[in-house]
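Taking it in order: structure first as structure tokens, then the write-up.
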Amino acid sequence: MEHPAFNHRTVPKKSSRSRLGTTWNHIKRDRQLLLLFLPCILFYVIFRYGPLYGLIIAFKDYSVFSGVLGSEWVGFEHFIKFFTNHDFWMLFRNTLLLGLYTLIFGFPFPIMLALLLNEVRNKWLKKSVQTFSYFPAFLSVVIISSMIIDFLSPNHGILNQMLAAFGFETKYFLVDPGWFRPIYVISEIWANMGYESIIYLAAIAGISPTLYEAAKVDGASRFHMIRHITLPGLFPTMLIMFILKTGSMIRVGYEKVLLLYNPMTYDVADVFSTYVYRKGLLESNYSYAAAVGLFEALVAMVMLLSANAVSKRLGGNGLW
């Protein structure tokens, strides 16, 4: 027989007034921290959640003169037009491949860099490598793209000069469709590797030093300590980073693609984001562009939810 003390009906429930009072007390207690967090809240409200209202034009034949509410409702007409467009599968393939290649080849490099930096005992060498690897994170996409264009220039680019010095024929890499994806992926790795390694270095710093001391006493080598202590300690962080990267995989940043691609490489470089830019801003087809952008966002959301579910099933950790 259940003891009355454990009967859920005998446990007093908090009233809505008491919960409201508790919440208000927490707000008063943390008011300074909340005030510091206010700009972040305003940023997301104004620039992230506010524009969601404009997505309604994806279901309308939007006219600048009629406005959002005054434009004619057309339902899923723009979505059907996009799905039946001959460019749809090309855009889907290019977006998926660029995102997938960046994820597969770019994900391990920050981890390997963090592991290598953690093993470096020379402080001057360690700080020099860190500074050099972090430097691209402080450069804008425009500057990085300009550097890539200059390095790969067929006339005065450093790579073509090296090829000519060894007797090879110079090549205009950026107009060759076969080179666009490798150039994009390598530049993404170079630009993000150092910055992302900071997260893994912070996770390594959180691993208890006593584990390494005990392993050293038992005669474990550095390789064995990395394999049996460092990597398992990094695993939860790796899962979270993998989820975040998977969620953004389909949303390939249009800035670098827009700056590097040209009509010769459209077949392998054109992605959803650049397509939305051309249709929306250049051709003023706002409703159609909004429909494409909404589809891209929905696919990214599905991938994020799927990655989170798989992560929780494999390692018990997720974003929520």
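Heavy-atom basis, side chains included; hydrogens, waters and symmetry copies ignored.
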Legend entry - Atom of L91, atom of V271 and distance for their closest heavy-atom approach: CD2-O, 3.7 Å
Legend entry - Where I57 and A290 come nearest, the two heavy atoms and their spacing: CG1-CB, 3.7 Å
Inset, instruction - Flag this pair as yes if the NZ/CZ of K245 is under 6.0 angstrom from the six-membered ring centre of F107 and inside a 45 degree cone about the axis; otherwise no. - result: no
Legend entry - R278 charged N/C atom sitting above Y266 aromatic ring, 6.0 Å / 45°: yes
What is the distance from atom [atom1] of [X] to atom [atom2] of [Y], rounded to the nearest 0.5 Å?
X: F59; Y: H78; atom1: CZ; atom2: NE2; result: 10.0 Å
X: W89; Y: N85; atom1: CH2; atom2: CG; result: 13.0 Å
X: L103; Y: F242; atom1: CG; atom2: CZ; result: 5.0 Å
X: T274; Y: L260; atom1: OG1; atom2: CG; result: 11.5 Å

Legend entry - Contacts of N262 that satisfy side-chain contact (heavy atoms from CB on, under 4.5 Å) - sequence neighbours left out: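 Here the qualifying residues are V175, M264, T265.
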Side-chain donor-acceptor pairs of residues 111-122 under 3.5 Å, sequence neighbours excluded:
{"unit_1": "R121", "atom_1": "NH1", "unit_2": "N118", "atom_2": "O", "d": "2.9"}
{"unit_1": "R121", "atom_1": "NH1", "unit_2": "E119", "atom_2": "O", "d": "3.4"}
{"unit_1": "N122", "atom_1": "OD1", "unit_2": "W124", "atom_2": "N", "d": "3.0"}
{"unit_1": "N122", "atom_1": "OD1", "unit_2": "L125", "atom_2": "N", "d": "3.1"}

Inset, instruction - Determine whether the aromatic ring centres of Y184 and Y101 lie less than 6.0 Å apart. - result: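 Judged by ring-centre distance (under 6.0 Å), Y184 and Y101 do not meet the cut-off.
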Legend entry - Ring centers of F88, F82 separated by less than 6.0 Å: yes
Legend entry - Residue pairs fulfilling salt bridge (charged side-chain N to carboxylate O under 4.0 Å, His left out) with at least one residue in residues 23-42, sequence neighbours excluded: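 Matches after skipping sequence neighbours: none remain.
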Inset, instruction - Begin with the C-alpha distance, continue with both residues' side-chain angles, and end with the deciding distance and a verdict on side chain to side chain contact (heavy atoms under 4.5 Å, CB included) for Y62 and V64. - result: CA-CA 7 Å; Y62 176 71; V64 177; 4.1 Å; yes
